Amino acid sequence: MLRALDDMLEYQVPTLTAILQLVQDSETRPSSILFFPVFDNFERREEKVFDDVGMPIVNETNVVGSISIVFSWDTLLQRILPNYIKGMICVLQSSIGQEYSYSVSGNDVTFLGEGDKHDSKYDEYKQVVEATLGNTEEQIGQVDYLITYTLVMYPSQTFENEYVTNRAAIYTAGVVLIFLCTSALFLLYDYLVEDRQQKTALFARQSANIVDSMFPAGFRERLYKSHQNNTNNINSGGTASRRSSDEGTVKSSNKTNGEKRGRSQSPSRRLSTAVGKNRVTLQIDKFMKGVRSAPKDHIPTDCYNGKDDKPIADLFLDTSIMFADIVGFTNWSTKRSPNDVFRLLERLFWEFDELAALHNVFKLGTIGDCYIAVTGIPDPIEDHASVLTQFAFAARDKVREVCAQLDAEGLDTRQLDMRFGIHSGAITAGVLRGTKSRFELFGDTINTASRMESTSIGGKIQVSAETAELIRLDRGGKWLVKRDGMVTAKGKGLLQTYWVEPDVTDSRVSFSDEVIDHLPSDNVNSLDESKSSERYYQHEYERQEEKEGFFADENV
């Protein structure tokens, strides 16, 4: 004990005594005393300093006292192993040659006696743990004076009986079997999920492509947001019973309409109709019934609960719109089968859709054999009139190419052609929500564009004076040819229009006085007032009128 005190005073670090037998213990119980120094101040030197003879100087402080802690080693060993570990032999060894053995089973520690009491057959499983006091070695270095302890752990026969068993192999085999079965189930499930996801993704892409083709990007996002808001309002508003009532009303109405239609036909007629329906007709009928009986949970909220749900609409000031109609389609379609008719329209309009994507043109839709496209919506562009005109050039060439291909396939389409009409101006655009939401355009610009198409002739692209002025500003007068005479448009009166051709220079351009009045004064003198283009294409126009029986003032 005195040695431990001397070491504490000399090195100013905590020290342990050798193993002692305390007087209060009636049985042999190895114990020790821990001395912890008390200093006169808290200033501690971080680096190691040695005196003249090489002994370490730990601190510049003085030890003024000590704290002593008396403990028994069996109490300390109660906390070294988890409770479920049983039958371990712990040999406590001091640096001065003392050895004591303990049996440790969880928190139960039994003193076995002085010396090493472990079974030598377990020597290969020996585990050694140094029992040191904190960072003593880091403070004073490696010295031979301090008493240190080492714990040597060995398993015992009790430990072997507890843990060495065949149950591990049995459990392992069971776990491996379960793992293999589970892996097989997961692989099967993963395959089914992956297959389902691929089908769902394919369907989603197809649906997204349909939606993308129907609504511009800006309006599409607003429509999604509006639909989500309406769904949330319906779910929180408790309108499930109302929708059920509405669906019942729709079903009842459909049933009543079906009964009326059934009574209006003779029995033989109804039987013939039922037998004659092919699969395509049934699919169309199913689609239409699905549309008519669609739930009303996507109707704008303010339609039935008064909450604010603003329409999805905007005003676009600078746009151009094109109508394109197949000349001679009506007579041709009456002589062809439905498959031939749709074969032509799908092939032609598919090519138009590809061109629209290439030229950044938005396809509004089709009405019969009429294709409608617009520029400047939803993203404004400065040269919207020129862009749409270039699209019309490409579309006209594509019409002739497709008709020639289908004619070679026996559809007799070589005599078909297309007439184009373009007008520029302001348009109100938005999503007209309902059972079948659609992106719609409204305004006088659309009516005028339709008149430009209806007063055009096959193979020609006719533009209004407003569009011609924009083309002149963009292209310096190229493409434009003033049409001979005025055209009579329904609701518009007499209008001066222009033909556009990609190989026409500004020498053929001649604007009307009405258009010149709206041009900047410094550009008026630059316009070509020659009348050399007044008869341009006149013979072609007259030939087309004679062939088609077409008169602008009667057909508008």
Side-chain angles (χ1 to χ4, degrees), residues 314-325 359-362 364 372-393 395 419-429 441-457 460-502 504 506 508-524 526-529 533-534 536-537 552 556:
D314 286 315
L315 175 63
F316 296 86
L317 298 178
D318 300 312
T319 67
S320 293
I321 185 167
M322 182 200 78
F323 282 74
D325 187 76
H359 289 81
N360 195 25
V361 173
F362 179 74
L364 180 62
I372 308 173
V374 62
T375 53
I377 297 177
D379 300 321
I381 55 176
E382 294 183 0
D383 56 343
H384 53 88
S386 298
V387 170
L388 191 58
T389 302
Q390 289 177 316
F391 169 74
F393 290 154
R419 61 185 178 219
F420 300 81
I422 302 176
H423 179 60
S424 303
I427 286 179
T428 297
L441 304 182
F442 300 93
D444 186 65
T445 301
I446 300 175
N447 297 331
T448 304
S450 177
R451 301 298 181 263
M452 291 298 100
E453 177 270 319
S454 61
T455 58
S456 182
I457 63 176
K460 297 296 184 289
I461 303 171
Q462 181 175 230
V463 300
S464 65
E466 290 80 1
T467 302
E469 179 180 356
L470 294 176
I471 294 176
R472 183 197 66 81
L473 294 175
D474 291 338
R475 300 289 173 173
K478 295 182 179 180
W479 300 351
L480 296 171
V481 177
K482 182 177 180 181
R483 183 168 180 173
D484 186 25
M486 310 283 279
V487 297
T488 302
K490 182 179 180 180
K492 300 295 179 180
L494 294 176
L495 297 177
Q496 178 62 62
T497 61
Y498 296 82
W499 304 117
V500 287
E501 291 293 339
V504 175
D506 55 358
R508 295 182 180 272
V509 180
S510 177
F511 287 90
S512 64
D513 294 338
E514 180 182 0
V515 176
I516 294 177
D517 291 339
H518 297 285
L519 295 177
S521 58
D522 56 346
N523 289 331
V524 173
S526 64
L527 299 178
D528 185 1
E529 299 294 342
S533 62
E534 292 184 355
Y536 191 75
Y537 290 139
V556 176

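Computed from a predicted structure; not experimentally measured. Any value given below was found using the heavy atoms of this structure, including those in side chains, with hydrogens, waters and symmetry copies removed.
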With a 3.5 Å distance limit and no angle check, can you tell me whether [X] reaches the backbone of [Y] through a side-chain donor-acceptor pair?
| X | Y | result |
| --- | --- | --- |
| Q496 | R483 | yes |
| T488 | L494 | no |
| T445 | A426 | yes |
| T389 | A385 | yes |

Fill in: Sequence-distant partners of L441, side-chain contact (heavy atoms from CB on, under 4.5 Å), two or more places apart
I321, L364, V374, I377, I427, A429, F439, I446
Worksheet item: Got a sec, which residues hit side-chain contact (heavy atoms from CB on, under 4.5 Å) with D474, two or more places apart in sequence or on another chain?
Response: D383, S386
Closest contact, heavy atoms only, [X] versus [Y]:
| X | Y | value |
| --- | --- | --- |
| S320 | I422 | CB-CG2, 4.5 Å |
| H359 | V387 | O-CG1, 3.3 Å |
| Y498 | S464 | CD1-O, 4.3 Å |

Taking the side chain as every heavy atom from C-beta outward, state whether [X] and [Y] have any pair of such atoms under 4.5 Å apart.
| X | Y | result |
| --- | --- | --- |
| W499 | I457 | yes |
| L495 | M452 | yes |
| K460 | R419 | no |

Discussion item. As an exercise, state the distance from OG1 of T467 to CG of L388, rounded to the nearest 0.5 Å.
Written reply: 8.0 Å
Item to complete: Quickly, which of Q462, R451, H423 forms a side-chain hydrogen bond (donor to acceptor under 3.5 Å, both in side chains) with T497? Name it, please.
Response: Q462
Worksheet entry | Partners passing salt bridge (charged side-chain N to carboxylate O under 4.0 Å, His left out) against D379 (at least two apart in sequence or in another chain) | none
Worksheet item: How about D444: does its CG atom have over 12 heavy atoms from other parts shown lying under 6.0 Å from it?
Response: yes
